[in-house]
There are 2 protein chains.
Amino acid sequence: MSNFDVKQEVTDKYSLRGRVFHKLRDDILNGKYQEHEELKEMTIGEEMGVSRTPVREAFRQLELEGLIQIIPNKGAYVTGITEKDVKDIYMIRSLLEGLCARWATEHITKEQMEEMEENVYLAKFHAQKGHLEQLAELDNRFHDIMYEACDSKMLEHQLKDFHQYVLRVRKKTLSSINRGPKSNEEHEKIMEAIKAGNADLAEQLAHEHMINAYENMVKCGLHEVYARQDAVQETIDPKVKK
Amino acid sequence: MSNFDVKQEVTDKYSLRGRVFHKLRDDILNGKYQEHEELKEMTIGEEMGVSRTPVREAFRQLELEGLIQIIPNKGAYVTGITEKDVKDIYMIRSLLEGLCARWATEHITKEQMEEMEENVYLAKFHAQKGHLEQLAELDNRFHDIMYEACDSKMLEHQLKDFHQYVLRVRKKTLSSINRGPKSNEEHEKIMEAIKAGNADLAEQLAHEHMINAYENMVKCGLHEVYARQDAVQETIDPKVKK
DNA sequence: CTTCTGAGGATTGTATACAATGATACGAGA
DNA sequence: TCTCGTATCATTGTATACAATCCTCAGAAG
C-alpha cells in the first residue's frame, strides 16, 4: 500500500485549524457565503471563538482547495465557478471516472462489492418512494465506493476533489429534477459490469454516466443558475483583479 | 475568460510565506531534502531568516500540494512517491494530456502555435548537439505551452500539478537516457496534428506520448531508483502512521 | 465641479510569547 | 533484567502584539 497520501485530506478535525477548515469548507459548499464574498480573518475567528492564526492557516488550505482566492494584503474571497469551469470539470471527470471504474473492476474487494450492491438496491427503494435527499446521499456514496475500490490514492484524491467542486452546483440540480432514478439505473449497470469483471464496459459506462449527468444539468437549468452570478462577476472582477 | 483560478498557484513570491513556499518546493523537487525527512519549523525559519509563522503557512500549502505530509503535533515529513504512484500518475496524465491536446487544437492562438513550433525546432537543434539540460527544459516548456493553449484553467492546473509531481522522478531518467530526442519527435507530431486542426489525432498522439514516456522510464531503471527508497519506507512507515 | 493628496482607519503580514502535546531518558519496583 | 511511570525537553498549536499595506474620504488646489 502506498503511504503517499497526495494532497492528503485535512484529517485533523480536532485542532482548531482543522475545525475552522472543515466548517468554512462546509459553509462555502452549502452556500452560506456568497460567491465573491470577502472573508475576514478576524470576523471568522470571532465567530468560531479562535484567534486569527488558525484561521489564516485554514485560509491557505482553502485557497489550494480552490474554494477561496487570497489576494495578498487585501483579502480572501469565495471563488466563483463559471459555466465553463463546470463543463471542463465534467469532461475531465468523465475520463477519470472511466479510468476509476476500470481499476475498480480490477481491484474491488468483496466487502466493497457488497456495499456497492447494497447502495444500488437501497437507492432503488428510495427512488420509488421519491426520497430525493437520501437518493442524493447514496449517489455520492456510490462514487466514493468506486473511488476507494480503484485502489489508487492518486486517482481517488483527484476524483474526490472534483466531486466536491461540483457539489455546490449539483445540490441545485440533481435533487430538484428526476435525474436521481435515472442516475441510479446507470449506477446499477456500472456495478454489474464491475461485478462481471468487464473493465472495458465499466469504463465506458462510467464515462457515459458523467456525460449524461452533465447534459442533464445543462438541460435542467445550469445556465439559469449561473445567469445571475455571471452578472455579479462582471462587476466585481476588475476590482478583484488588482 | 474564467476568473476562477482553481487551486491558484502561489504567486505571492514577495511575501515571506511565498518565498518560503517556493524555496521549500524547489528544495524538495531538487532533492535537497530526502524523502521522509522531517522538516522542523524552527530550523527552516532560521535558515531563511524568518519566524515560524510564514513557515507554518507554507507547510500547510505544501501539504495540499502533496510534497509534505503533516502529522498533527508531531511534524512535517517529505512525502515518498512509490512506484505505483508514479504509474498511476502517468496513466491519469495520459488521459488528461490527450484531452488537453484536443482542446489545444480547438483553442490555440497564433502566438502559442508559433512558440510551439519554435520549441520543437530549437529542441531538434539541441538534440543534435546533445544538450540534455536544454532539451529537458524545452520538454517541460512544450507541455506548458499546450496546457496554456487548451484554454481551460481547470485542466491546466491539474496537469501542471501532475507535471510537478513527476519532475522529481523525471529528473533522474529523462536526461540520463536518450529519451530526449525521441520525445521531441513525438512533440513534433503532436504539434503538426494541432496545426492541422486534427483534434482526434492530437489527442491520440499526446496520449501515446505519455505512455511512451512512462514505459521508457520503467525500462530505464525506475525500479532501481526506487529500490532503495522503498526499503527506507518500510522502516519509517510504521512510525509515521502514528 | 473635478482632481489630487494625504491622514486615518481597517485589514493583512509577521514576530514573539505562551500552552499543549509528544518523545526520550532515567530510575524505581517487580 | 524487564517494565512501567514520571520528569524533562523538544516541537508543534494557538494567541497576541506589532509592522506594513491598502482603502476611504475629507479637504485643498486648479
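Sequence lines set the chain letters: A, B, ... in the order given, protein chains first and strands last, and positions in each chain run from 1.
- Going from atom CD1 of Ile68(B) over to atom P of dT12(D) covers 11 Å, rounded to whole Å.
- Of the listed residues (Ile81(B), Asp88(B), Val86(B)), just one forms a side-chain contact (heavy atoms from CB on, under 4.5 Å) with Lys84(B), and that residue is Asp88(B).
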### Query
When you check every protein heavy atom under 4.0 Å of nucleotides 14-19 of chain C, what one-letter string (B, S, -) results, 5' to 3'?
BBBB--
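- Per the geometry, CD1 belonging to Ile71(A) stands 11 Å off P belonging to dG13(C), to the nearest Å.
- Here dT12(C) presents its C1' atom at 10 Å from CE of Met42(A), a figure rounded to the nearest Å.
- One interatomic measurement links the two molecules: CD of Glu38(A) to C1' of dC22(D), which rounds to 11 Å at whole-angstrom precision.
- Under the 6.0 Å cut-off for aromatic ring centres, Phe142(B) and His187(B) qualify, their centroids lying closer than that.
- Taking 4.0 angstrom as the limit, Lys40(B) places a side-chain polar atom (N or O) nearer than this to OP1 or OP2 of dT11(D).
- Geometric assessment of Arg93(B) against the ring of Tyr90(B) yields a positive cation-pi assignment under the 6.0 Å and 45° thresholds.
- Between Asn73(A) atom CG and dT21(D) atom P the separation is 7 Å, expressed in whole Å.
- For the residue pair Thr109(B) and Gln112(B), a side-chain donor N or O sits within less than 3.5 Å of a side-chain acceptor on the partner.
- No option in Gln158(B), His163(B), Glu156(B), His157(B) other than Glu156(B) meets the side-chain hydrogen bond (donor to acceptor under 3.5 Å, both in side chains) test with Lys160(B).
- In this structure, Phe59(A) places its CZ atom 14 Å from C1' of dG13(C), rounding to the nearest Å.
- As rounded to whole Å, 11 Å separates atom P of dG22(C) from atom NZ of Lys74(B).
- Atom CD1 of Ile70(B) and atom C1' of dT21(C) are 16 Å apart (whole Å).
- Under the rule for a side-chain hydrogen bond (donor to acceptor under 3.5 Å, both in side chains), the partners of His131(B) that lie at least two apart in sequence or sit in another chain are His126(B).
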